[in-house]
Structure formats: C-alpha cells, structure tokens
Amino acid sequence: MNDSNFREKVEAIVAQIPQSRVMTYGDIAAVAGYAYAARAVGGIAHFGDPNLPWQRVVNRFGGLASGYPGGKRGHQEVLELEGFEVKDFKVVNFAEKRWLPDFL
DNA sequence: CGAGTGACCGCAA
DNA sequence: ATTGCGGCCACTC
C-alpha cells in the first residue's frame with residue numbers, strides 16, 4: 001500500500017481534487033508523506049499522468065505553474081474554464097479554494 | 001550506477 | 001520591498 005509510492009499517492013490526491021478547488025505542491029507533498037518534496041510533485045506532474053487535473057495544482061502563492069503545457073497562458077485559460085478567477089497569473093480567493101483530501 | 005534537472009519552498013542579506 | 005541562495009524529493013538521461 002504505501003511503500004514509498006509517492007508517485008501513486010500524489011496522482012491519487014490530484015485525481016481526488018474536486019472542481020473549483022486547488023491544492024499546493026507543498027500540501028500534496030506533505031499529505032503524501034514528504035513535506036519537503038514539493039519539487040518531486042512538480043517532477044511527477046511533468047512526467048506523471050497527463051489525464052490528471054494538474055491545472056488544479058498551483059504553487060504556494062496560488063500562482064500558475066511554469067512548465068504547464070502552453071505556459072502560464074495555457075494554465076490560466078484552463079483555470080478560468082474550471083471556474084476559477086485568475087488575476088495576474090494568480091488564483092483569486094485562493095485561500096478559500098484551497099482543499100485538503102478527505103482521507104487525511 | 002552516477003549526475004543533472006525541475007510545474008517548489010523557506011530563509012537571508 | 002526585492003533579489004539571491006540552498007535544500008529537500010523524485011524522475012530522466
């Protein structure tokens with residue numbers, strides 16, 4: 001079950017993120033078991049399953065990601081389609097839209 | 001097997 | 001206030 005399947009854990013969490021909700025890399029890493037593995041989450045995001053809603057994953061400032069397909073530009077577009085309000089490459093009311101997994 | 005990279009985070013000057 | 005540096009983890013070449 002949880003033999004350092006950091007990758008599966010992160011993918012599972014991201015896949016469970018509800019719509020209109022966002023999570024930070026640090027939070028996901030912490031929930032996965034490694035509070036300082038935010039970078040690893042980013043790496044998984046790039047080489048992980050592209051079907052997962054990585055668009056709901058943002059950095060600690062609620063800002064957009066750097067390497068998202070299409071750049072911040074594309075990320076912002078998708079976020080707005082998800083129902084988010086993006087302002088200056090940052091999610092508005094990000095603190096209120098922040099979400100934590102149930103199984104935690 | 002070893003080294004480098006990265007969609008990050010936190011602190012210091 | 002802004003800029004720069006180091007450090008943690010996993011993945012790829």
Side-chain angles (χ1 to χ4, degrees):
Chain A
M1 331 252 239
N2 19 7
D3 282 53
S4 57
N5 283 15
F6 188 76
R7 185 172 174 179
E8 288 188 13
K9 206 121 174 197
V10 172
E11 290 182 343
I13 294 167
V14 176
Q16 298 313 307
I17 299 176
Q19 199 167 53
S20 290
R21 280 286 193 284
V22 284
M23 247 184 117
T24 70
Y25 293 94
D27 281 357
I28 293 170
V31 174
Y34 298 85
Y36 298 93
R39 298 189 93 174
V41 177
I44 294 166
H46 184 64
F47 292 99
D49 190 330
N51 288 77
L52 295 173
W54 295 107
Q55 54 240 37
R56 294 175 189 155
V57 183
V58 295
N59 61 18
R60 158 130 236 321
F61 295 94
L64 280 62
S66 322
Y68 194 85
K72 295 183 177 179
R73 227 324 282 249
H75 196 173
Q76 178 171 352
E77 288 282 312
V78 180
L79 284 172
E80 290 191 332
L81 291 174
E82 288 285 319
F84 295 103
E85 187 179 357
V86 182
K87 186 92 173 195
D88 190 34
F89 296 101
K90 289 186 284 265
V91 178
V92 180
N93 302 330
F94 149 72
E96 295 181 3
K97 299 191 175 215
R98 203 177 189 177
W99 175 81
L100 261 56
D102 312 345
F103 50 83
L104 185 62

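Naming: A, B, ... by sequence-line order, numbering from 1 per chain.
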Exercise. Looking at CH2 of W54(A) and CD1 of I17(A), how far apart are the two atoms once the value is rounded to the nearest 0.5 Å?
Worked result: 8.0 Å
Exercise. Is it true that atom CD of E85(A) has more than 12 heavy atoms of other residues, nucleotides or ligands lying nearer than 6.0 Å?
Worked result: no
Exercise. Could you give the CD1-to-C1' distance, from I44(A) to dT12(C), as a whole number of Å?
Worked result: 13 Å
Exercise. Which part of the nucleic acid, if any, lies within contact of Y68(A), taking any heavy atom under 4.0 Å across all strands shown: a base, the sugar-phosphate backbone alone, or nothing?
Worked result: base
Exercise. Would you say R56(A)'s side chain and V22(A)'s backbone share a donor-acceptor pair under 3.5 angstrom?
Worked result: no
Problem set entry | R21(A) and R98(A), any side-chain heavy atoms less than 4.5 Å apart | no
Problem set entry | Sub-4.5 Å side-chain heavy-atom contact between M23(A) and I13(A) | yes
Exercise. Where does the chain A footprint on DNA chain B start and end, counting 5' to 3' with a 4.0 Å heavy-atom cut-off?
Worked result: dG6(B) to dG10(B)
Seminar exercise, completed: Value for OH (Y68(A)) from CG (L79(A)), rounded to nearest 0.5 Å, stands at 7.5 Å
For this session: Kindly give the heavy-atom pair with the smallest separation between D102(A) and W99(A), and that separation in Å.
Result: OD1-CZ2, 3.6 Å
Exercise. Distance from Q55(A) atom CD to L64(A) atom CG, nearest 0.5 Å?
Worked result: 11.0 Å
Problem set entry | NZ-CG distance between K87(A) and N93(A), expressed to the nearest 0.5 angstrom | 12.0 Å
For this session: For the pair R60(A) and D27(A), find out whether any cationic side-chain nitrogen is under 4.0 Å from an anionic carboxylate oxygen.
Result: no
For this session: Output the residues of residues 48-60 of chain A in contact with DNA chain C, where contact means a heavy atom of the residue under 4.0 Å from an atom of the strand; sort by number or write none.
Result: none
Exercise. With a non-hydrogen cut-off below 4.0 angstrom, is A65(A) in contact with a base, only sugar-phosphate, or nothing?
Worked result: base
Could I get a table of every N or O pair under 3.5 Å where one atom is in the protein and the other is in nucleotides 4-7 of chain C?
residue	atom	partner	partner atom	Å
dG7(C)	O6	R39(A)	NH1	2.6
dG7(C)	N1	R39(A)	NH1	3.4

